[in-house]
Number of protein chains: 4
Amino acid sequence: MATPPPAPHRAKGRPRSAAADRAILDATREALAEVGWGGLSIGQVALRAGVAKTTLYRRWPSKNELVMDAVATQLEELEVTDLGSLRADIEDVVAQFAALLSRPETQAALLALFAEGTRDAQLRKRIRQTIVDPQKRLVRQGRANAQARGELDPDCDEASAAEEIDIIFDTIAGTVEHRMLVSGEPVTPDWISRFTTLLLNPLPGFRA
Amino acid sequence: MATPPPAPHRAKGRPRSAAADRAILDATREALAEVGWGGLSIGQVALRAGVAKTTLYRRWPSKNELVMDAVATQLEELEVTDLGSLRADIEDVVAQFAALLSRPETQAALLALFAEGTRDAQLRKRIRQTIVDPQKRLVRQGRANAQARGELDPDCDEASAAEEIDIIFDTIAGTVEHRMLVSGEPVTPDWISRFTTLLLNPLPGFRA
Amino acid sequence: MATPPPAPHRAKGRPRSAAADRAILDATREALAEVGWGGLSIGQVALRAGVAKTTLYRRWPSKNELVMDAVATQLEELEVTDLGSLRADIEDVVAQFAALLSRPETQAALLALFAEGTRDAQLRKRIRQTIVDPQKRLVRQGRANAQARGELDPDCDEASAAEEIDIIFDTIAGTVEHRMLVSGEPVTPDWISRFTTLLLNPLPGFRA
Amino acid sequence: MATPPPAPHRAKGRPRSAAADRAILDATREALAEVGWGGLSIGQVALRAGVAKTTLYRRWPSKNELVMDAVATQLEELEVTDLGSLRADIEDVVAQFAALLSRPETQAALLALFAEGTRDAQLRKRIRQTIVDPQKRLVRQGRANAQARGELDPDCDEASAAEEIDIIFDTIAGTVEHRMLVSGEPVTPDWISRFTTLLLNPLPGFRA
DNA sequence: CTATAATCGAGACGGTACGTCCGGTCTTAGT
DNA sequence: ACTAAGACCGGACGTACCGTCTCGATTATAG
């Protein structure tokens, strides 16, 4: 899901151009990669997309929301494939996330969005819905697979399972982001292996 | 270190006002807490500090550097106290960091600075020097204490020790930041305990 | 003549709504009176008239022409009635004109149209046809009546008669407009009497 | 007097550039002559003057005021020279006024300003002060000269003298403006002579 | 105790981007 | 062929900050 905004039930008047939507989001990603968050101006995006500023403002109320949607699509690509072991599944998903964070447009946008989110409750909510929650799904999925394989004990308590999912998610996402975007060090297969080891030895209830 | 800024060589004409330095940094923190990074304007800071824009620009070349210095001070407060066990030491330092991140000015500034850092190599370097490295010192210190207590094996290999320090640091810092600023959930003693357990059971070579 | 506008040839599909014409012109006068020429926007007029912008543009190519037609109707009301003396006839027609110029919509529109006319030859022509010439008719009529009454010598020379009509017309129209719209003073019966005297007699106290 | 705005007693900060004032007013007149009132945009004037928009807005709050000042200067040139007879003096001043109104920038601006003035009380006041009153001075001066020469009776009553000045002024100004800008006919020496005759003598052929 | 010089406040300067409003044109679906 | 609705491109608006500049006025040290 990354339909631009709601746009639910319309019928009257000239319909909004789907081509414009696409052009705008593409232009946004392109501009992000070139000039970064700070250098991104609505006017430039509109120009680049061959669209009037009004057309852009009709759809997105601010730079934040626009970049939000422009980046959201990218995050939907992440997937947990069952590779036969929890370790392999984690390493795979971490590698996917790292690959995502090495694209210049994602790099430029992600932290900036999070930073804006600390001040704008509405944006924070949208970030949660569009970026955070879908990724938590990955953790849930990975756990379920591991449980099916017998690598993890089944959940006894629903509430504590949820808390565990949260903590695992914040750890994986936060650590990879910090490594790449703050410390500025590369995420190599070796680093991924070390990090996964840190997580697994042993996760509570994990049986090597 | 949080000497105002450079303040370099000599003293011929009228000396720079130390009061101005203080007023500016205070005004910056104040404004950050109120209007956030995005709403922070140099002109406003100057006005709030009762200082001419010129005076501000003479000291800091940009918003980034200014906020950098305004926030840096706060991070120097973190300290590792030897509480008798590695677990206790980690929990203590995590709690300190969480307390820091709950101040609105830090909250507003930290991710924004990191985001700017992804595009500005020079800033990235300053961030490394002023924010990241001093915190890595905490990890080093904690490890040394644990080794002295016999909780951790002594380092066999210097290089792999460094890598381990990095990974631990990114994990702690990244996870706490993500929990608080992205997921937006509180960091309670219970959460800290769970997170510490995730780290310790067992860190390689750890003997409970 | 104030037929809506062109509305030229024939009738194939759905005929144009006469109600729309009326609604638009009324809305135009209403808006003129409220927000003046500068604040008059086509979109607002359309909205006020409960009509689509398209409908308006199908009939009038521009704000100028629209206001032209909206105001033209009002000017057709002026008439010369034979009151028995040239002085009375002049005073009457001046009073009529002044009454017209005290309506807010005429006030707002007239000078603005004339101003636009200084740059737009086509508009200037339309103004001449719709506003100026019909009023010159008043002068011609008044002269004819006075000649019939024996107050004025009959025309000897057609060309110089035309020049005289022009000069009288510009003097009456220009002076009243200037008094009301530029100097901003009221046109009272007393003022009208003085002005008529100026036209009909030498300057008071003047010794040729 | 057409000092840009008041600018009375300043002392602090960088003083306003007098060169900018001049450049802006020149650019305004230039642009008026080229694109007319309707086509005049603040941005274009600023660009043409080699000045930032802010610089312009700091001095003039709106297009109206700007054009006001740009045109006002021109009107100060008008002067009554004592040519020995009232007729000669009137003809001279009318010719001066007509010459002024044949400059494209004055032509474009004058009626537009008057039109705006019908809706904007503040502007109306400024117009009165800057344009109308100085010109009334011409009438007063001409009358005084004529009285000194014995062509006119001295004022018996101050109030009725003021009224007479007003009526003469509105007649001259209004008629010339209407002739040139509305009727669009040239003001030739012959026309001036006829018009002056109308003022000074009864209507030709009129029998009171 | 007077130069000299760097600072200070204030505020104007040329710019860039903002988000809004209008003008005119177009594309729908419905009359 | 018309209508209402409303999206479309383009361009000007007036505002907010940016970072630089020019002022006159302080406030130090050095001669």
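Computation of the quantities below employed the complete heavy-atom set of this structure, encompassing side-chain atoms and omitting hydrogens, waters and symmetry-equivalent molecules. Within every chain, numbering begins at 1; the chains are lettered A, B, ... in the order of the sequence lines, protein sequences first and strands thereafter.
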Once you round it to whole Å, what is the distance between [atom2] of [N] and [atom1] of [X]?
X     : N      : atom1 : atom2 : value
C:Y57 : E:dC22 : OH    : C1'   : 8 Å
A:L56 : F:dG10 : CG    : C1'   : 15 Å
D:I24 : E:dA12 : CD1   : P     : 13 Å
C:W37 : E:dG23 : CH2   : P     : 11 Å
A:R16 : E:dC26 : CZ    : C1'   : 16 Å
C:L66 : E:dC22 : CG    : P     : 16 Å
C:L47 : E:dG23 : CG    : P     : 12 Å
A:R48 : F:dG10 : CZ    : C1'   : 20 Å

For this session: Mark yes when over 12 heavy atoms from residues, nucleotides or ligands other than B:Q129 sit less than 6.0 Å from its CD; otherwise mark no.
Result: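 More than 12 heavy atoms, drawn from other residues, nucleotides or ligands, come within 6.0 Å of this atom.
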Exercise. Which residue pairs pass the side-chain hydrogen bond (donor to acceptor under 3.5 Å, both in side chains) test when at least one of the two sits in residues 32-44 of chain C, sequence neighbours left out?
Worked result: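 Of all non-adjacent pairs touching residues 32-44 of chain C, those that pass side-chain hydrogen bond (donor to acceptor under 3.5 Å, both in side chains) are C:E34-C:R48.
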Problem set entry | B:S17 side-chain N/O to E:dT7 phosphate OP1/OP2 under 4.0 Å |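 No.
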For this session: Report yes if at least one side-chain N or O of A:R58 is closer than 4.0 Å to OP1 or OP2 of F:dC8; otherwise report no.
Result: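 Checking F:dC8 against A:R58, a side-chain N or O does come within under 4.0 Å of OP1 or OP2.
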Problem set entry | Step-by-step side chain to side chain contact (heavy atoms under 4.5 Å, CB included) determination, C:L66 to C:I24 | CA-CA 9 Å; C:L66 171 60; C:I24 291 169; 3.8 Å; yes
Seminar exercise, completed: Whether each nucleotide of nucleotides 23-31 of chain F has a protein heavy atom under 4.0 Å at its base (B), only at its sugar-phosphate (S) or at neither (-) is summarised, 5' to 3', as ---BBSSS-
Exercise. With distance as the sole criterion, do the side chain of B:K53 and the base of E:dG11 form a donor-acceptor contact below 3.5 Å?
Worked result: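 There is none.
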Exercise. Checking only heavy atoms, does the side chain of C:T54 share a donor-acceptor pair with the base of F:dA5 at less than 3.5 Å?
Worked result: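 It does, because a donor-acceptor pair links the side chain of C:T54 to the base of F:dA5 below 3.5 Å.
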For this session: Return the set of residues passing salt bridge (Lys or Arg N to Asp or Glu O under 4.0 Å) with D:E105 (not counting sequence neighbours), or none when no residue passes.
Result: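 By the salt bridge (Lys or Arg N to Asp or Glu O under 4.0 Å) rule, D:E105 matches no residue at all.
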For this session: Please tell me if the side chains of A:K53 and A:L47 come closer than 4.5 Å, counting only heavy atoms from C-beta onward.
Result: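 Result no, sub-4.5 Å side-chain heavy-atom pair not found.
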Residue [X], side-chain atoms from C-beta onward, closest of [options]:
X     : options               : value
D:I42 : F:dC8, F:dC13, F:dC18 : F:dC13
A:R59 : E:dA12, F:dC8, E:dT7  : F:dC8
B:A52 : E:dG14, E:dG9, F:dT15 : E:dG9
A:T55 : E:dC8, F:dC8, E:dC13  : F:dC8

Problem set entry | Pairing of D:R126 and D:D69 as salt bridge, 4.0 angstrom limit |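 Counted as a salt bridge, because a side-chain N and a carboxylate O are separated by less than 4.0 Å.
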Problem set entry | Salt bridge present between D:R16 and D:D21 (N-O < 4.0 angstrom) |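 Salt bridge: no.
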Exercise. For C:L40 and B:A49, take the nucleotide of DNA chain E holding the closest heavy atom to each; which residue's nucleotide lies nearer the 5' end?
Worked result: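 Its nucleotide being nearer the 5' end, the pick is B:A49.
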Problem set entry | Most 5' of A:K63 and D:V51 on DNA chain E, judged by nearest nucleotide |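 First, find each residue's nearest nucleotide; the 5'-ward one identifies D:V51.
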Problem set entry | Nearest-nucleotide comparison on DNA chain F, the residue closer to the 5′ end among A:G50 and B:P61 |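 Looking at DNA chain F, the more 5' nearest nucleotide goes with A:G50.
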Problem set entry | Where A:L40 and A:K63 come nearest, the two heavy atoms and their spacing |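 Result for this residue pair: O-NZ, 3.1 Å.
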